[in-house]
Protein chains: 2
Amino acid sequence: MLLSTKGDYGVRALIDLAKHVGEGPVQRAEIARRRQIPESYLDHLLAQLRRDGYLRSTRGPGGGHELAKASDEITLLEVLESLEGSLVPIECVNEEPGSAAGALCGQQWVWQDIYTLMLERLGGTTIADLVEHENQHEQRFAATYKI
Amino acid sequence: MLLSTKGDYGVRALIDLAKHVGEGPVQRAEIARRRQIPESYLDHLLAQLRRDGYLRSTRGPGGGHELAKASDEITLLEVLESLEGSLVPIECVNEEPGSAAGALCGQQWVWQDIYTLMLERLGGTTIADLVEHENQHEQRFAATYKI
DNA sequence: TAATTCACGACAAGTTGAGTCAAGATTCTA
DNA sequence: TAGAATCTTGACTCAACTTGTCGTGAATTA
């Protein structure tokens, strides 16, 4: 598995925040309930996303979390790399092409191709795109999101 | 990282065997030396590849390992899945598209696309292709492979 | 029989994943 | 100012996986 639940849960949280832009801070418990994420685990993911500037938090009654950028200016790629670290599929993709280490690996060229496409797709998809896709299927899943 | 050293080392070993087809069994120690794999770890990988029918082994002096199939009939995909298990990039790719679990994830559709292309590329590349690519760069790396 | 080579399973150290929990900081409201 | 609501942070846990090492035993050949 390339992604752990970190990348999954973290993106769920951002989608939830994007869907509630303009309604004031969204509470951790709300996000956790709607997106089915363990609340105390979500804490860590929100902290990471805050450190990297994707959201801001306010404490106290009425506090919560809000997006710090427009949802169409946050790509899936940057969020996943923030939460998971580099997404290289195999170590040797990092090696200089033409280096001995890259050659030893033997499959470097195959994966470089796949990796390039992956970066294109993820870099070309924003949180806003994910929200839009969700909205288009809203009727069918309204019950799931318990909105 | 999607692949661990298992997938890397295992493919290296098969490339090495494919390069020495027709020369009789190749010894574990030879493979390990040429491809820079810890010998006792290589054991486990060869065992897995043997179980799945990609090579056969003979014991005793002059023994070693040989491919059990033609190298152009072994795809990178099947070998990697033998060594690493499923290559799905994110859990929800396994969920029924349209299911609640798939929808909750929010990025299912993006990854399904990427995964499909990955399977195409890996399924369309054989050990023979990897050997051919290596041969085309042989001059530059002859020293590395110590052949 | 001795030497060579693979076969298989036990063991182990380190890392990561997936959380839980508690103490503390901040802010709002009464 | 007290108390309640929220987030913040770090410590801690437990299980699984990675990346090996080792030792014993089996098969084969000379």
Parallel, tilted or perpendicular: rings of B/H137 and B/H133 (30°, 60°): parallel
Value in whole Å for how far the P atom of D/dT19 lies from CG of B/L3: 11 Å
Touch class at under 4.0 angstrom, heavy-atom based, for B/S4 against every strand present: sugar-phosphate
Nearest-angstrom distance from the residue atom CG of A/L42 to C1' of D/dT9: 15 Å
Between P of D/dC17 and OH of B/Y41, the distance in whole Å: 13 Å
Under-4.0 Å salt bridge between B/E134 and B/K19: yes
Chain A footprint on DNA chain C, 5' to 3' - any atom under 4.0 Å from a heavy atom: C/dG17 to C/dC28
Working for side chain to side chain contact (heavy atoms under 4.5 Å, CB included), residues A/I31 and A/E39: CA-CA 8 Å; A/I31 303 171; A/E39 199 176 330; over 6 Å; no
Considering all heavy atoms, the nearest A/G102-A/S99 contact: N-OG, 3.1 Å
Criterion side-chain hydrogen bond (donor to acceptor under 3.5 Å, both in side chains) on A/Y54 and A/E78, from CA distance to verdict: CA-CA 10 Å; A/Y54 298 110; A/E78 57 185 321; 3.1 Å; yes
Salt-bridge criterion met for A/D8 and A/R12 (N-O under 4.0 Å): yes
Sugar-phosphate only, base, or nothing, as touched by A/T5 at under 4.0 Å among non-hydrogen atoms: sugar-phosphate
Residue mapping more 5' on DNA chain C - nearest nucleotide basis, B/G60 or A/E84: B/G60
Between A/S86 and A/E81: side-chain donor-acceptor atoms closer than 3.5 Å: no
side-chain N/O A/R28 vs D/dC7 OP1/OP2, d < 4.0 Å: yes
Those residues of residues 43-57 of chain A lying under 4.0 Å from DNA chain C by at least one heavy atom: A/H44
Interatomic distance, B/R59 CZ vs D/dA30 C1' [rounded to whole Å]: 18 Å
Contact nearer the 5' end of DNA chain D, comparing A/A29 with B/G62: A/A29
A/T126: side-chain hydrogen bond (donor to acceptor under 3.5 Å, both in side chains) partners, not counting sequence neighbours: A/D129
Phosphate contact (D/dT19 OP1 or OP2) by B/K6 side-chain N/O below 4.0 Å: no
Evaluation steps, side-chain hydrogen bond (donor to acceptor under 3.5 Å, both in side chains), between A/Y9 and A/Q36: CA-CA 9 Å; A/Y9 290 168; A/Q36 298 187 23; over 6 Å; no
d(NE2, A/H65; C1', D/dA5) in whole Å: 12 Å
Listed nucleotide nearest any side-chain atom of B/P61, set D/dG20, D/dC7, D/dT28: D/dT28
